[in-house]
Amino acid sequence: MRDVARRLDRALGSAVVELTPLSGGDIASVARATLADGRKVIVKQGGPCATEARMLAAIGASGCPVPEVFHADDTILVMSDLGEGAGSDAAWAEAGEAIACLHATTGETYGWSEDTSFGPAPCPAWPCDEWPTYWIERRLLAWPEALPAAVANRVQDLAARVPDLVERRPRPSLLHGDLWRGNVLLDGDRFCGLIDPACYHGDAEVDLALLTLFGTPPESFWAHYGALAPGWDRRRALYQLWPALVHLRLFGAGYRSMVEARLDALGV
């Protein structure tokens, strides 16, 4: 903690009065720092901090709110504190509009200029011109050796069918990439912004699939996000398989049933 305080003092020009660890950092450690000049900032250590700062800038450029970055290097990220609380239907409606703006921002190909990872689970991101190929090679088959053999075999069987399940060239939307509920900050009637990105360009339904993996936003979100294309429910199982595989690798056998439920839904 003392080292963090010294680094913040050097980077921001104000001494740390209080440093409070925050929960939820499965891969990186996160704390709230109160500075002598009265500012409160969020400090993140671990993970690709400089890469995350560039991703936050990309999301912010789309018009979707994100924290302001005060300092970033290879090991530490210092951001504004957006605040968080319980979100109303109005807050979710605002989130729907903002995430629609994010997804309206597009790239020329699928992927990203930098590889990322969720801890020990790599997320290859080198660009690809066709979406089925990207989803097969950079996601489903990124690390079959890290999966239980029976699961890996089923995923391999599914991979052969991916070109029949998704469009060859959907709009390459800018994705948050880790859009679960904990990374959508709401407070009362206000949508505060998105945190903890793992960006790349791809089918916007990837973000929406993860947002519905552990529950689902209220109707106000969907009304303001916009209509989904036919076949969404089937593609959702395919897109939810990737975060399920990540959870299986990171947190163990307790998530195997989540993986197998998606494979069952996809008929493999």
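Residue numbers start at 1 and run along the sequence shown.
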Donor-acceptor pair, side chain of Trp222 and main chain of Pro217, under 3.5 angstrom: yes
Verdict with supporting geometry, Tyr110 and Trp135, ring-ring contact (aromatic ring centres under 6.0 Å, His included): CA-CA 9 Å; Tyr110 307 106; Trp135 196 251; over 10 Å; no
Ring geometry between Phe251 and Tyr255 (parallel below 30°, tilted from 30 to 60°, perpendicular above 60°): tilted
Lys/Arg N to Asp/Glu carboxylate O, Glu94 vs Arg190, below 4.0 Å: no
Between CG on residue Leu175 and CH2 on residue Trp112, distance to nearest 0.5 Å: 9.5 Å
Side-chain donor or acceptor of Ser173 paired with backbone N/O of His103 under 3.5 Å: yes
Minimum side-chain heavy-atom gap Asp264-Arg154 below 4.5 Å: yes
Within-4.5 Å side-chain heavy-atom neighbours: Leu210 and Tyr239: no
Validation row, ring centre Phe214 to ring centre His247 under 6.0 Å: yes
Atom CG of Asp129 with >12 non-hydrogen neighbours under 6.0 angstrom: no
Electrostatic pair Arg138:Asp115 at N-O distance under 4.0 angstrom: no
Short side-chain donor-acceptor distance under 3.5 Å, His176 and Asp178: no
Pairing of Arg32 and Glu18 as salt bridge, 4.0 angstrom limit: no
Minimum side-chain heavy-atom gap Arg249-Val246 below 4.5 Å: no
Cationic N near anionic O, under 4.0 Å, Arg171 to Asp203: no
Short N-O contact, Asp81 and Arg39, less than 4.0 angstrom: no
Heavy-atom check, side chain of Val43 versus side chain of Leu8, under 4.5 Å: yes
CG (Asp37) with more than 12 external heavy atoms under 6.0 Å: yes
